[in-house]
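Only one structure is covered here, and it is reproduced in the block below.
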Amino acid sequence: MSLYFTVKTLHILSATLMVGTGFGTAFYLFWANRSGSVAAQSVVARWVCRADWWFTTPAVIFQPLSGLWLAQHMGWPLTATWIWLTLVLYALAGACWLPVVWLQLKMAKLAQAAHQTGSDMPTAYWRYARRWELLGYPAFCATVVIYFLMVFKPA
C-alpha cells in the first residue's frame with residue numbers, strides 16, 4: 001500500500017473516530033442529563049471527558065495535518081471551494097468544541113461532587129449543560145457538511 005493510501009485510510013478512520021466519538025458521547029450525556037440520576041450523570045460526564053481526551057483530541061489534531069498533506073499530495077489548491085469551506089467549517093467546529101471540552105470538565109466535577117454528597121445537581125451544572133448542548137449542534141452540523149464536502153468535492 002502506498003503512503004498516500006495509508007494516510008487517506010487513516011484520515012477517513014480518524015474522521016469517523018472524531019465524529020463518532022463526539023456524537024456517541026454527546027448522545028449518552030444528553031440522555032444521562034434527562035435521566036434524573038445524578039449517579040448516571042457523574043459516571044457519563046467523567047467518561048465523556050476521557051473519551052474526548054483519548055479519541056477525539058488525537059483525531060482533531062490528525063485531521064487537518066493529514067487533510068492538508070493529502071491535498072498537497074494530490075495537487076489540489078487550498079483555494080478550491082470544497083477545501084477552504086472545509087477548513088472554515090472545521091474552524092467553526094473547533095471554536096465550538098474547545099469551550100465544550102471546558103464545559104464537560106466543569107460538568108464532570110460538579111456531577112461528581114453532587115453524587116458524592118448525595119445532593120441535587122447544582123444550578124451551575126444545568127447552565128453549563130445548556131451551553132454544552134447549544135455549542136454541540138453547530139459543531140455536529142459542520143462536521144456532517146465536512147463529510148459531504150470530503151466525499152463529493154463539489155466545485
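Throughout, residue positions are numbered sequentially from 1 according to the sequence presented. In what follows, every heavy atom counts, from backbone to side chain, and hydrogens, waters and symmetry copies are set aside.
- Relative to the ring axis of W53, R50 does not place its NZ or CZ within 45° and under 6.0 Å from the centre.
- With rounding to the nearest 0.5 angstrom, the OG atom of S37 is 8.0 Å from the NE2 atom of H115.
- Residues satisfying the ring pair (Phe, Tyr, Trp, His ring centres under 6.0 Å) criterion with W84, sequence neighbours excluded, are absent altogether.
- When hydrophobic side chains of Ile, Leu, Val, Met, Phe, Trp and Tyr are connected at separations under 4.5 Å, W31 ends up clustered with F27, Y28, L29, F30, V38, V44, V48, V100, W102, L103, M107, L110, M121, Y125, W126, Y128, W132, L135, Y137.
- For the pair V60 and Y90, the tightest heavy-atom approach, listed with the atom from each and the gap, is O-OH, 2.5 Å.
- Distance CD1/I83 to NZ/K153: 8.5 Å, rounded to 0.5 Å.
- Between the side chain of S42 and the backbone N or O of A39, no donor-acceptor pair lies under 3.5 Å.
- The side-chain heavy atoms of V43 and W47, taken from C-beta on, include a pair separated by under 4.5 Å.
- Here CG of L149 is found 6.5 Å from CG of L89. Values are rounded to the nearest 0.5 Å.
- Between L68 atom CG and W76 atom CH2 the span is 12.0 Å, to the nearest 0.5 Å.
- For I12, the side chain to side chain contact (heavy atoms under 4.5 Å, CB included) partners two or more places apart in sequence, or in a different chain, are K8, T16.
- Atom OG1 of T57 is separated from atom CE of M18 by 11.0 Å, given to the nearest 0.5 angstrom.
- The structure places CH2 of W82 at 11.5 Å from CD1 of I146, a figure rounded to the nearest 0.5 Å.
- With sequence neighbours left out, K109 forms a side chain to side chain contact (heavy atoms under 4.5 Å, CB included) with no residue at all.
- Among all heavy-atom pairs drawn from H11 and Q63, the shortest one is O-NE2, 2.8 Å.
- Scanning for ring pair (Phe, Tyr, Trp, His ring centres under 6.0 Å) contacts around Y4 gives H73, with sequence neighbours left out.
- Legend: residues meeting side chain to side chain contact (heavy atoms under 4.5 Å, CB included) with F62, ordered by chain and number and at least two apart, are L10, S14, S66.
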